[in-house]
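The sequence lines fix the lettering, A, B, ..., with proteins before strands; numbering per chain opens at 1.
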Amino acid sequence: MNQIYNAIYDIVRLIPYGRVTSYGAIAKSLGVGGGARFVGWAMNAAHGVHPAVPAHRVVNRNGMLTGKHHFPAVAPMQKLLEEEGIVVIDDKIVDFEHLFWNPLTELEL
DNA sequence: TACCTGACGGGCC
DNA sequence: GGGCCCGCCAGGT
């Protein structure tokens, strides 16, 4: 596992309860602005990672749960978000911009 | 070994 | 304002 992957997982784990972020925001915080897909791919490998990565808090820039299909059937992405008080309608996070957690701002990088 | 796809994003037409 | 194309890295076929 590369440091980049570890860095991505670390940031995702830093996302506060009830907050969400986007792939692009994470990528940008890592300095790989154009590598948003790379972040998504890292999530793909985040299934069996040690401290468990709350990938359900990571969505695309539109706030849509594009990756919910990749979650285990036992823990639907939408259900996990709703458990945190996040309202999800039509695979889209309501008030996404309000719930958005910007790593660049919060971490003051 | 080489090409294509994949949980995205931003820029250009 | 909306749609299309290109760029990012890595893994799978």
Side-chain angles (χ1 to χ4, degrees):
Chain A
M1 198 64 70
N2 293 331
Q3 288 297 94
I4 301 299
Y5 278 69
N6 190 21
I8 293 171
Y9 299 149
D10 185 62
I11 291 175
V12 175
R13 283 178 297 203
L14 288 175
I15 301 174
Y17 181 91
R19 288 279 193 270
V20 293
T21 191
S22 64
Y23 300 96
I26 296 172
K28 188 179 293 183
S29 67
L30 293 174
V32 288
R37 300 178 92 187
F38 174 63
V39 176
W41 197 251
M43 293 296 99
N44 183 25
H47 279 278
V49 182
H50 0 131
V53 180
H56 61 279
R57 294 178 184 159
V58 183
V59 295
N60 66 359
R61 106 161 196 78
N62 293 318
M64 297 179 75
L65 310 185
T66 54
K68 71 166 191 174
H69 193 68
H70 285 265
F71 272 75
V74 296
M77 189 174 185
Q78 183 174 331
K79 182 179 177 67
L80 291 173
L81 290 172
E82 291 180 338
E83 288 292 312
E84 299 188 2
I86 298 174
V87 181
V88 179
I89 298 177
D90 191 54
D91 297 338
K92 184 173 87 264
I93 295 175
V94 179
D95 294 332
F96 171 67
E97 57 183 274
H98 182 69
L99 296 173
F100 182 75
W101 182 79
N102 191 337
L104 290 172
T105 302
E106 301 299 326
L107 298 177
E108 299 184 48
L109 294 176

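Rounded to whole Å, the distance from CH2 on A:W41 to C1' on C:dA10 is 7 Å. Atom C1' of nucleotide B:dG10 and atom CG of A:N62 are separated by 12 Å, given to the nearest angstrom. Remark: C1' of B:dA7 and CD1 of A:I93 are 13 Å apart, rounded to the nearest angstrom. In this structure, A:N44 atom CG and B:dG6 atom P are separated by 11 Å, rounded to whole Å. Rounded to whole Å, atom P of B:dC8 lies 17 Å from atom CG of A:L30. The nearest whole Å value for the distance from the CE atom in A:M43 to the P atom in C:dC9 is 17 Å. C:dC8 atom C1' lies 15 Å from atom CD1 of A:I26, rounded to whole Å. When rounded to the nearest whole Å, the span between NE2 of A:H70 and P of B:dT5 equals 15 Å.
Nucleic acid contact for A:N60: sugar-phosphate only, since backbone atoms but no base atoms lie under 4.0 Å from a heavy atom of the residue. When heavy atoms are screened at a 4.0 angstrom cut-off, A:R61 is found touching the sugar-phosphate backbone but no base atom.
Remark: A:S22 is not in phosphate contact with B:dC8, judged by side-chain N or O atoms under 4.0 Å from OP1 or OP2.
Separating the CG atom in A:N62 from the OG atom in A:S22 is a distance of 9.5 Å, to the nearest 0.5 Å. To the nearest 0.5 angstrom, A:F100 atom CZ is 9.5 Å from A:E106 atom CD.
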(request) Show your reasoning for whether side-chain contact (heavy atoms from CB on, under 4.5 Å) applies to A:T21 and A:I11. (result) CA-CA 10 Å; A:T21 191; A:I11 291 175; 5.9 Å; no
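Pairing each heavy atom of A:L81 with each of A:H56, the nearest pair is CD2-O, 3.1 Å.
Comparing the C1' positions of B:dA7 and C:dG3 gives a spacing of 22 Å, expressed to the nearest Å.
The 5' end of DNA chain B is approached more closely, in terms of each residue's nearest nucleotide, by A:M77 than by the other of A:K28 and A:M77.
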